[in-house]
Engineer: 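Can you keep this structure in mind? I'll have questions shortly.
Only heavy atoms go into these numbers, but all of them, side chains included; no hydrogens, no water, no symmetry mates. Computed from a prediction, not measured in an experiment: that's the story for all the values here. In what follows, chains are A, B, ... by sequence order, proteins preceding strands, each numbered from 1.
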Amino acid sequence: MSAPRELGSSYTPSEIEPQVAARWAASDYGNPEGSDSVAKADLPPFTIIMPPPNVTGGLHVGHALFVTLEDLLARRARMEGRPTLWLPGVDHASIAAQFVLDKIIAEEGESRSSLGRERYLQRMDRFMEETRGVILGQFRRLGASADWGRTRFTMDEVSSRAVRTAFATLYEHGLAYRTEALVNWCPGCKTSVSDLESISVEERGNIWEIRYPLEGGAPSDGIVVATTRPETLLGDTAVAVHPDDPRYAQLIGKRVVIPFVDRAVPILGDDFVDQTFGTGAVKVTPAHDPNDREVGLRHNLPAPTILDEAAHIVADAPKPFAGMERFAARKAIVAALDALGLLVSVKPHTATPARCQRSNDILEPRLRTQWFIRTKPLAEKALAATRTGKTRIVPAHFEKTWEHWLTEIRDWNVSRQLWWGHRIPAWYCADGHITVSADAEGPSGCSECGALAESLVQESDIFDTWFSSGLWPFSTLGWPEQTSDLKRYYPSQVMETGHDILFFWVARMMMLGIELMGEPPFETIYLHGMVRDPEGQKMSKTKGNVVDPLSLIDEIGADALRFALVSGTAAGADQRLSPEKLENARNFMNKLWNAARFVLGARPAEVTGERPDARSAQEGAGEFGAWMSARISCAIEDVDRNLAGYGFSEAAQRIYDATWAEYCDQAIELAKVTLADESRPAAERAAVWWTLVDGLDTLLRLLHPIAPFITEGIWEALPRRNGDGPLLATAAWPVRDTKGGDEARAIDQWLDLVREVRAARTSTKLPAGAWLPLAVAAPADLAASGERLRAAIERLARVRPLTIALNLPAGEEGMLIVAGVLTARLTPPEADATTRDADRARRERELVAARAQLAAAETRLADPSFTGKAPATVVAGAERRVAELRDEIARLEQGA
RNA sequence: GGGCGGUUAGCUCAGUUGGUUAGAGCGCAGCCUUGACAUGGCUGAGGUCACAGGUUCGAGUCCUGUACCGCCCACCA
């Protein structure tokens, strides 16, 4: 391979990113067992299972965030030498996919019912062929380094088998059961949905008070019930009052007649009734209200269903109402009651009806025979895992939400009356016996009465999408087959996902993983927040504030997008994505590119040999080498610490500072002078250059997990270190290596002086370009390093001549500058009164600040409770500070 | 009705287990057409850390309460 050794003169991600992507594509570095892998056999594997995006969806900025974070984790682990598996896939998203496809076929003049199940599913398969791969292709543009060879689909063969096996196992364990129960029915989607898929919003409506006449009594004689749903009166089978309610005590046991249906129903005493609400008397409609259902079961009431699947009044209801849509029926019934004189009052009332998350229809509680998963025992095990710390949630405060939800969990309705999805593997014989089979061909006969397989009828319902998603951490690894992947990569280390699907998905994976695999599917659950617009609003198509990641990539590059997203992220917290943030990230990439361009172009002509090891380059570069090594080691340490605690944005910020403030603004500026100075020994200039290369190399490694393209692109142009492979993606993660010490601190001292000189010049409005004489008093060791850094100090502070001695020359005029242990005098050519005043003011400000700090520190040290109780290191620190301040003040005063 | 989170510079946000002088980006002011970069450089201004108590030698950080903002959960007809 002929690597380009020069970087383009400007940073153009649209050119760099495809080139780098092509190099990655030609390699198999994403595969933990691939030939490009740097995995060390003795390190434990690192596994992340990608949350599968909906197969029909397009890339949005939320995807961009999770892809970035997971890719970051995977790349870092890979560079650390761990066998790293990031397993990608897509979700069939049954209800969402049907929703989308239904719209498409509607435009073709078809519908689900016009096509029928078989043709509809064929159409769906075609649709899947078109969309599968699109979203994952978009993930690749973001730089995702998943193991594409292992890409999975929740509707593929292996998943299907996993679903059947999981269900059969749960059934065997008594954790899956079929029963008639009230479910949330969506009249729009024509399916039941789980509690989680409903959204409750407060809405203004009415509460109606209706009189039900007593059986055999006068119409004016009766009991008044309060209801928000008068139309359900057709299904009433009782009226309930509180047993202790004196108003109604004598009515309990009597019967009232339900209007229109002319059904006499009992008045019951049941303490679920709140005496203070409404009239204290409740109509009971067991087939259409969860509370009423409970009452019905307690009192053995019949439960007639009066609304059909479209939420129309059933056909066998009384005349005018039969077939009416539910809200039309409500009006009609209220009017009819009024006409009969049974409507007592109408009052405004706010209620919170549950609406379908997908279609926004008001959900209708409906009595239906469905499959349920018994969640209590599963939830207890999931709770045990987080309580013992076997699985950790980041951020930790989500554990409370987790605890609450799993403690209060209700059984999970997994039946969906949809077509696209995994069909429930349950068969029924003519006698109604249930046979559950994991076999793809179905059971060989009824498990109870032995009825022939041909006579069995399979359940027509399919599973809730989240059932197959709940198996994802192990179905992707081949379960139920005991594959080597399953043994090696289960459980995964991190589940990274949004906190909005903590219950939907994470809890289900935990429950099913523990039940079916025997241990929790992940060690850490990392939850990210939502990406919002600059005003903090949710992004939505209707608001028109959606940011399209693909056009951002076109515009500023995937690296800048990733950097911006990582910079803004904190565990569990939402972030705002603003143009400023993106611009800043783009500028950072540009800065890095130009720094690299400079370094490569500044190679001294004499440097022709192989790249020396970092240590010998450092040693040859004197103070600069020691300093560079100390700075870089500190950066490595901070980045490692931040990443260990999932502090992604802090890590990004640290790399940003190390690159911009330390490497570009200080290291390069210092090195520039030496490199350009032909009078310096060639060996020294070579060492300085190699040190610069080493620093850049390390920064690229640190940044690579966040911004993989640009770092890979630059790294390719750098001279290789001994033992490096062809890709930065599989190069070793840096380890800190520093001798630190005074040698490194010397540069910081001199840089501090440079800064003070610049500040003094600015505050006295001396011309920026003028060369001014500077005399410096420095201790012997610093004086020596100052001599070696002379050229750099001169250029950076713009001072000439520069004299360095143990003491300042006596009796001269000028501006006194104190920087740490260094004292200096800057001598402007002809200091006028304004300059002198400005200088005096500057020094006075410094004195005031220093004295205030000194006073504070002295007060603290004078307090025996501080010296007695504070740790010795803190006290020693305060003492050191006092000494420094006294010294500084003395030197400032001396020049005053 | 419960629960959780937030409130730090003009704006957007960091701030590890309580420890000396609270940080960054953007914005703002002044200066700089210096051979990597004006998508840049240098210097600077700007904060009673929402409020009120408490614990502590010491609180942005821990505890209690209050106010406002946001989110989640909940069968009151």
Engineer: Counting distance only, does the side-chain N/O of A:Arg761 pair as donor-acceptor with the main-chain N or O of A:Arg798 below 3.5 Å?
Structural biologist: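 Yes, because the side chain of A:Arg761 sits within donor-acceptor range (under 3.5 Å) of the backbone of A:Arg798.
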
Engineer: Give me the distance, rounded to whole Å, that separates B:A50 from B:C13 when you measure between the P atoms they each carry.
Structural biologist: 15 Å

Engineer: For B:C26, what is the paired nucleotide under Watson-Crick or G-U wobble rules, both distances under 3.5 Å?
Structural biologist: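 Base partner found: B:G10.
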
Engineer: Counting only distance, no hydrogens or angles, is the base of B:A36 paired donor-acceptor with the side chain of A:Lys672 under 3.5 Å?
Structural biologist: yes

Engineer: If you only use heavy atoms from C-beta on, which nucleotide in B:C37, B:U12, B:C57 is closest to the side chain of A:Arg576?
Structural biologist: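 Of the options given, the side chain of A:Arg576 lies nearest B:U12.
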
Engineer: Determine whether any donor atom in the side chain of A:Arg881 lies under 3.5 Å from an acceptor atom in the base of B:U21, or the reverse, and answer yes or no.
Structural biologist: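 By the distance-only test, yes, there is a pair.
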
Engineer: Would you say the side chain of A:Lys400 and the base of B:C4 hold a donor-acceptor pair, judged only by whether the two atoms sit under 3.5 Å apart?
Structural biologist: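 No, no donor-acceptor pair under 3.5 Å.
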
Engineer: Between A:Pro534 and A:Ser200, just flag the one whose closest nucleotide in RNA chain B comes earlier from the 5' side.
Structural biologist: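 That would be A:Pro534.
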
Engineer: Could you report the tightest heavy-atom contact between A:Ala596 and A:Ile714, atom names first, then the distance?
Structural biologist: CB-CG2, 3.4 Å

Engineer: In whole Å, what is the span from the CH2 atom of A:Trp402 to the P atom of B:C71?
Structural biologist: 23 Å

Engineer: Would you find a donor on one side and an acceptor on the other, under 3.5 Å apart, between the side chain of A:Thr227 and the backbone of A:Trp208?
Structural biologist: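 Side chain of A:Thr227 to backbone of A:Trp208: no pair is present.
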
Engineer: Quick check on B:G41: is either OP1 or OP2 less than 4.0 Å from any side-chain nitrogen or oxygen of A:Trp660?
Structural biologist: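 Yes, because at least one side-chain N or O of A:Trp660 sits under 4.0 Å from OP1 or OP2 of B:G41.
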
Engineer: Can a donor-acceptor pair under 3.5 Å be found between the side-chain atoms of A:Glu209 and the base atoms of B:A77?
Structural biologist: no

Engineer: Determine the Euclidean distance between corresponding C1' atoms of B:G46 and B:A22; express it in Å to zero decimal places.
Structural biologist: 14 Å

Engineer: Regarding A:Lys672 and A:Glu669, does a basic nitrogen lie under 4.0 Å from an acidic carboxylate oxygen?
Structural biologist: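 Between A:Glu669 and A:Lys672 there is a salt bridge, with a charged N closer than 4.0 Å to a carboxylate O.
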
Engineer: Could you pick out which residue, A:Phe277 or A:Tyr11, lies toward the 5' side of RNA chain B when each is mapped onto its nearest nucleotide?
Structural biologist: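 Checking each residue's closest nucleotide, the 5'-ward one belongs to A:Tyr11.
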
Engineer: Show the nearest heavy-atom pair for residues A:Pro230 and A:Val334, with the distance to one decimal.
Structural biologist: CG-CG2, 3.6 Å

Engineer: Which whole number of Å gives the distance between the P atom of B:U61 and that of B:C51?
Structural biologist: 11 Å

Engineer: Could you tell me which nucleotide pairs with B:G70 by Watson-Crick or G-U wobble geometry, both distances under 3.5 Å, or answer none if nothing does?
Structural biologist: B:C4

